[in-house]
Amino acid sequence: MSNQQPPQFATQLLDWFDSNGRHDLPWQQDINSYRVWVSEIMLQQTQVKTVIPYYRRFMQSFPDINTLAEASQEQVLSHWAGLGYYARGRNLHKAAQLIMAEHNGVFPKDFDSIVGLPGIGRSTAGAILSIALNQRFAILDGNVKRVLSRFFAIEGWPGEKRIESKLWLLADELTPKQRFDDYTQAIMDLGATLCTRSKPNCENCPVQSSCLAFKQEDVTKYPFKKPKKEKPIKQAWLLIRQNQNAQICLYQRPQKGIWGGLWSLPEFESYQACEQYLQSEGSCQQSLIEWDSFRHTFSHYHLDIHPLYLDESVVSGVKDQRAHYNDDSNEEKPEGWYSIQSLLKGEVGIPAPVVKLMNRLDETK
DNA sequence: AAGTCGGGGGG
DNA sequence: CCCCCAGACTT
């Protein structure tokens with residue numbers, strides 16, 4: 001309804017962007033579909049500052065679609081270790097192979113084909129189309145949701161379907177007919193640098209005079225908070241086995257579930273379960289040591305980790321072992337022994353808490 | 001619509 | 001401790 005004002009919003013935003021926007025981010029150089037795509041995937045639920053070093057390493061190793069498609073999942077995931085949401089890495093890899101097989105190795109240029117690739121939804125597709133492919137498409141990421149929620153004083157949580165639809169409509173209407181590539185970048189920059197979650201810098205905002213939240217003198221009321229729910233607390237015992245070569249025993253986790261596809265320490269539901277496991281394979285457990293527990297928090301639960309260290313340098317009782325993750329696919333998941341150095345160099349992808357433990361082990365040596 | 005995927009930044 | 005971040009996918 002509140003239409004026919006749009007040129008002003010975009011014009012003011014673009015003027016601000018020209019002199020105050022970010023123009024030197026790594027993915028803003030040598031722009032093409034592939035580079036923008038990788039950046040958009042990494043930036044999902046992840047802040048720019050965090051992404052930059054990962055992006056540099058990734059593009060160094062996989063400079064184009066073909067290189068990425070030819071790489072092993074192992075190599076790709078090792079570049080993703082520590083970034084989180086590992087399905088993003090797996091999907092990126094799968095999509096690259098799919099582009100080679102079904103699009104002659106050329107990144108598709110139409111919305112339906114792009115949004116059909118694994119890991120790409122409406123917003124990411126819109127970003128690639130507008131920034132890299134010169135087509136007028138809107139985005140609706142966390143930044144845009146926040147900016148629009150405030151500008152229009154939207155009463156409702158953006159996670160709610162009805163509210164999100166309204167925001168998409170507004171996002172689309174506000175997108176200009178010219179310079180939509182810069183506009184896409186501009187509205188994200190506004191959200192990331194001025195219209196921030198807390199302590200927004202309204203004094204320097206180019207659209208302050210029309211912002212309804214600013215008029216209400218309660219900018220941080222928007223966007224409405226997500227209704228909070230209790231996070232459950234789970235427990236896990238992680239076994240650190242070190243053999244006579246000072247190597248650590250890891251298993252590859254199932255593709256589905258937490259830390260999918262990463263290599264991690266043997267995990268147990270209790271101390272007793274760990275003991276039982278060691279007993280069952282005739283390993284000496286005299287030197288089983290409990291390290292200090294610590295908490296690792298995911299988006300939907302807390303995990304209290306209880307590390308158990310076992311020095312097997314003297315007694316080499318390494319026998320046949322099987323994975324004990326609950327993996328429906330009955331796949332054989334062999335264990336692997338790695339030196340701490342190779343793990344800290346990131347030769348395979350390991351979860352952040354395991355990195356922490358490996359560092360702890362490395363220091364006490 | 002709700003749950004499942006991480007890890008880190010900043011208050 | 002809390003919430004949120006250039007979301008997508010599954011159920």
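Letters go in sequence order (proteins before strands), and every chain restarts at 1. Both backbone and side-chain heavy atoms feed into the values below; hydrogens, waters and symmetry mates do not.
A close approach under 4.0 Å does occur between a side-chain nitrogen or oxygen of Lys228(A) and OP1 or OP2 of dC3(C). Contact annotation: Trp259(A) reaches the phosphate of dG7(B) (side-chain N/O to OP1 or OP2, under 4.0 Å). Dashed line: the shortest gap from a side-chain N or O of Tyr86(A) to OP1 or OP2 of dG7(B) is under 4.0 Å. Contact annotation: Thr124(A) side-chain N/O to dA8(C) OP1/OP2 distance is under 4.0 Å. The side chain of His296(A) places an N or O atom within less than 4.0 Å of a non-bridging phosphate oxygen (OP1 or OP2) of dG7(B).
Within 4.0 Å of Lys161(A), counting heavy atoms only, lie sugar-phosphate atoms of the nucleic acid but no base atom. Across all strands, Leu25(A) comes closer than 4.0 Å to base atoms (heavy-atom distances). No contact: Glu164(A) has no heavy atom under 4.0 Å from any strand. Looking at heavy-atom distances under 4.0 Å, Ala352(A) makes contact with sugar-phosphate atoms alone, never a base. As judged by a 4.0 angstrom heavy-atom cut-off over every strand, Thr184(A) is placed among residues making no nucleic acid contact. Phe298(A) comes within contact range of the sugar-phosphate backbone alone, with a heavy-atom separation under 4.0 Å but no base atom that close. Among the atoms of the strands shown, none is found under 4.0 Å from any heavy atom of Ile41(A). Looking at heavy-atom distances under 4.0 Å, Trp27(A) makes contact with a base. Backbone-only contact: Gly257(A) has heavy atoms under 4.0 Å from sugar-phosphate atoms and none from a base. Contact annotation for Leu140(A): no contact, since no heavy-atom pair falls under 4.0 Å across all strands. Base engagement by Val48(A) is indicated by at least one non-hydrogen atom pair under 4.0 Å involving a base atom. Among the protein residues, Arg162(A) comes within range of no part of the nucleic acid, since none of its heavy atoms lies under 4.0 Å from any strand.
Of the P atoms belonging to dG3(B) and dC3(C), the separation is 16 Å, rounded to the nearest Å. If you take atom C1' in dG6(B) and the same atom in dC4(C), they sit 13 Å apart, rounded to whole Å. Across the C1' atoms, dA1(B) and dC5(C) are found 22 Å apart, a figure rounded to whole Å. Straight-line distance between the P atoms of dA8(C) and dG8(B): roughly 22 Å, to the nearest whole Å.
The shortest side-chain heavy-atom distance between Val48(A) and Leu43(A) falls under the 4.5 Å cut-off.
When the P atom of dC5(C) is taken as reference, atom CG of Asp189(A) falls 16 Å away, rounded to whole Å. The interatomic distance linking Lys145(A) (NZ) with dC5(C) (C1') rounds to 11 Å, in whole Å. Note: CD (Gln47(A)) to C1' (dA6(C)) measures 11 Å, nearest angstrom. When rounded to the nearest whole Å, the span between CD1 of Ile139(A) and P of dC5(C) equals 13 Å.
Taking only distance into account, the side chain of Thr46(A) never meets the base of dG8(B) through a donor-acceptor pair shorter than 3.5 Å. Side-chain N/O atoms of Arg90(A) and base N/O atoms of dA8(C) include no donor-acceptor pair closer than 3.5 Å. Interface remark: the Arg88(A) side chain does not form any donor-acceptor pair with the dC5(B) base, using a distance-only criterion of under 3.5 Å.
Between His302(A) and Ser299(A), the one whose closest nucleotide on DNA chain C sits nearer the 5' end is His302(A).
Looking at the side chain of Ser198(A), the nearest of the listed nucleotides dC4(C), dG11(B), dG10(B) is dG11(B). Counting only heavy atoms from C-beta on, Pro351(A) has its side chain closest to dG7(B) among dC5(C), dG7(B), dC5(B). The side chain of Gln45(A) has dG7(C) as its nearest neighbour among dC4(C), dG9(B), dG7(C).
The environment of Lys215(A) atom NZ is dense: over 12 non-hydrogen atoms of other residues, nucleotides or ligands sit within 6.0 angstrom.
Between Lys221(A) and Glu155(A) there is a salt bridge, since a side-chain N of the basic residue sits under 4.0 Å from a carboxylate O of the acidic one. A salt bridge links Arg136(A) with Asp172(A): the closest approach of a Lys/Arg side-chain nitrogen to an acidic carboxylate oxygen falls below 4.0 angstrom.
Phe107(A) and Trp37(A) have tilted rings, their planes meeting at an angle from 30° to 60° on a 0 to 90° scale.
Just one of Phe151(A), Phe152(A), Trp16(A) meets the ring pair (Phe, Tyr, Trp, His ring centres under 6.0 Å) condition when paired with Phe9(A); it is Phe151(A).
Between the side chain of Arg150(A) and the backbone N or O of Cys211(A) there is no donor-acceptor pair closer than 3.5 Å.
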